[in-house]
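Just below is one structure, and these are the notes that go with it.
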Amino acid sequence: MIKLEHITKNFKNLKAVDDVSLEIKKGEIVCLIGPSGSGKSTVLRCINGLEVPESGDVYIYDQKLDLNGEDKGRQLRNKMGFVFQHFNLFPNMTVLENLTLAPIQVMKKSKSEAEEIACQYLKRVGLLDKKDEYPNKLSGGQKQRVAIARSLCMNPEIMLFDEPTSALDPEMVIEVLEVMQELAQEGMTMVVVTHEMGFARTVADRVIFLEDGKIIEENNAEDFFSQPKTQRAQDFLKKVM
Ligand code: ADP
Ligand code: MG
């Protein structure tokens, strides 16, 4: 479903992503882990075209993501939802307005249809009673669940998460991870950058460990955590677990 072929991305003379190739199958849950600055976010941003690699190609369903093309890869990008560490909700809009904006403007849905779908997803993340609140009235965990619901309203086929729980107080992490785990169980294809090793271990099908912009190790979650092959993965896991 997603294929990266020899992706390289530089920032000035820093190789943020250095010859990364990977494939993700439909329904697969892949966690990207590694130290800060290892290139995890940049890989994720290359997948949905927020960053344009210097070299290498990104394919979604065997279709090359062409950001220089006529629609700047929009059709392919619209298949992907992106959830950020800092929620990125629109502060001047209610929860419901946050959820209906793109479906109305991009998918050309009617307001009533967009609201109906939004309410379904708000119910799923347990926040239907907050639909008329503004984001600043919500806790961090609630904001992130709204952000996930907002992505789902666009009916994505792939969900990309960049450290969705890193900005949350510990007691709110679990409510967000539970929503993500449910999505995973329903068969959503997910790529998750996370420091939540418990989540990666229980939910991921596969773990990709990055350092210095390179894939150092890649394995199914159970084997990666119980018997990491490389010294660098072993050292990393010792520090974080
Ligand atoms: P991670 O998500 O693993 O912490 P990133 O992908 O954010 O790592 O960053 C990889 C490297 O690229 C880091 O050294 C970071 O400082 C650098 N980098 C990321 N984004 C930019 C940018 N927009 N401009 C300059 N350097 C960047
Ligand atoms: Mg990052």
Side-chain angles (χ1 to χ4, degrees), residues 2-24 29-58 60 65 67-68 72-73 77 80-89 140-141 143-144 147-148 151 158-170 172-173 176-177 180 189-201 203-204 206-219 221 224-225 228 230-241:
I2 303 173
K3 186 157 76 176
L4 268 53
E5 278 187 345
H6 303 292
I7 294 291
T8 298
K9 175 72 193 176
N10 303 314
F11 293 108
K12 300 230 171 78
N13 45 18
L14 174 92
K15 269 203 169 143
V17 177
D18 186 1
D19 194 23
V20 162
S21 297
L22 58 87
E23 277 187 53
I24 294 163
I29 316 298
V30 174
C31 283
L32 300 181
I33 68 171
S36 175
S38 57
K40 306 179 296 294
S41 296
T42 309
V43 168
L44 205 63
R45 294 165 65 84
C46 284
I47 293 176
N48 87 332
L50 285 170
E51 299 283 359
V52 185
E54 260 86 51
S55 60
D57 291 313
V58 177
I60 311 294
L65 184 61
L67 299 169
N68 301 316
K72 299 201 183 312
R77 298 177 67 189
M80 297 182 251
F82 203 118
V83 175
F84 301 87
Q85 188 176 344
H86 292 289
F87 330 124
N88 296 13
L89 297 175
K143 281 183 205 164
Q144 195 59 297
I148 293 171
S151 276
I158 301 163
M159 286 288 289
L160 308 173
F161 294 87
D162 194 354
E163 298 198 28
T165 60
S166 294
L168 301 180
D169 292 334
M172 292 169 188
V173 168
V176 172
L177 294 180
M180 292 169 63
T189 307
M190 293 169 44
V191 186
V192 186
V193 174
T194 186
H195 293 293
E196 294 293 331
M197 296 301 141
F199 175 84
R201 189 168 191 158
V203 180
R206 195 147 50 94
V207 174
I208 295 178
F209 173 68
L210 289 155
E211 209 175 76
D212 301 331
K214 295 190 196 65
I215 294 180
I216 304 293
E217 186 165 335
E218 189 177 345
N219 210 337
F224 177 82
F225 286 105
T230 59
Q231 188 66 46
R232 291 164 97 176
Q234 288 166 20
D235 292 345
F236 175 77
L237 288 176
K238 255 187 225 136
K239 277 190 214 137
V240 297
M241 291 183 74

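We use all heavy atoms of the structure for the numbers below, so side chains are in, but hydrogens, waters and symmetry mates are not. Just so you know, ligand 1 is whichever comes first in the structure, and atom 1 is the first atom listed for that ligand.
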Please list, in number order, the atoms of ligand 1 under 4.0 Å from a heavy atom of [X].
X	answer
Pro35	3 (O)
Ser36	4 (O)
Ser38	1 (P), 3 (O), 8 (O)
Ala16	10 (C), 11 (C), 12 (O)

Derivation of the side chain to side chain contact (heavy atoms under 4.5 Å, CB included) call for Phe236 and Ile33 = CA-CA 10 Å; Phe236 175 77; Ile33 68 171; 4.0 Å; yes

message = Any N/O/S atom, side chain or main chain, of Ser36 closer to the Mg ion (ligand 2) than 2.8 Å?
response = no

key: Option among Lys40, Lys9, Glu51 that satisfies the side-chain contact (heavy atoms from CB on, under 4.5 Å) test with Arg45   = Glu51

Tell me: protein heavy atom nearest [atom], and distance?
atom	answer
atom 8 (O) of ligand 1	Gly39 N, 3.1 Å
atom 10 (C) of ligand 1	Gly37 O, 3.5 Å
atom 3 (O) of ligand 1	Lys40 NZ, 2.8 Å
atom 19 (C) of ligand 1	Phe11 CE1, 3.4 Å
atom 5 (P) of ligand 1	Thr42 OG1, 3.6 Å
atom 7 (O) of ligand 1	Ser41 CB, 3.7 Å

Whether [X] side chain and [Y] backbone form a donor-acceptor pair below 3.5 Å:
X	Y	value
Gln144	Phe84	yes
Asn48	Leu50	yes
Glu5	Asp57	no
Thr230	Ala233	yes
Glu54	Asn10	yes

note = Checking heavy atoms under 4.0 Å, the part of Asp162 that sits near ligand 1 is neither

ask   = Got more than 12 heavy atoms from elsewhere within 6.0 Å of NZ, Lys3?
value = yes

ask   = Would you say ligand 1 has an N or O under 3.5 Å from any N or O of Glu51?
value = no

Heteroatom proximity flag, Leu14 to ligand 1, N/O under 3.5 Å = no

query = Atom OG in Ser38, atom CD1 in Ile215: separation rounded to 0.5 Å?
reply = 11.0 Å

ask   = Going from CD1 on Ile158 to CD1 on Ile47, what distance comes out if it is rounded to the nearest 0.5 angstrom?
value = 8.0 Å

message = Under 4.0 Å and counting heavy atoms only, is there anything from the protein next to atom 24 (N) of ligand 1?
response = yes

ask   = Closer than 4.0 angstrom: is that true for some heavy atom of Gly34 and an atom of ligand 1?
value = no

message = Within the structure, is a non-hydrogen atom of Gly213 found at a distance of less than 4.0 Å from ligand 1?
response = no

ask   = Can you list the steps and then say if Arg77 with Leu67 is a side chain to side chain contact (heavy atoms under 4.5 Å, CB included)?
value = CA-CA 10 Å; Arg77 298 177 67 189; Leu67 299 169; 4.0 Å; yes

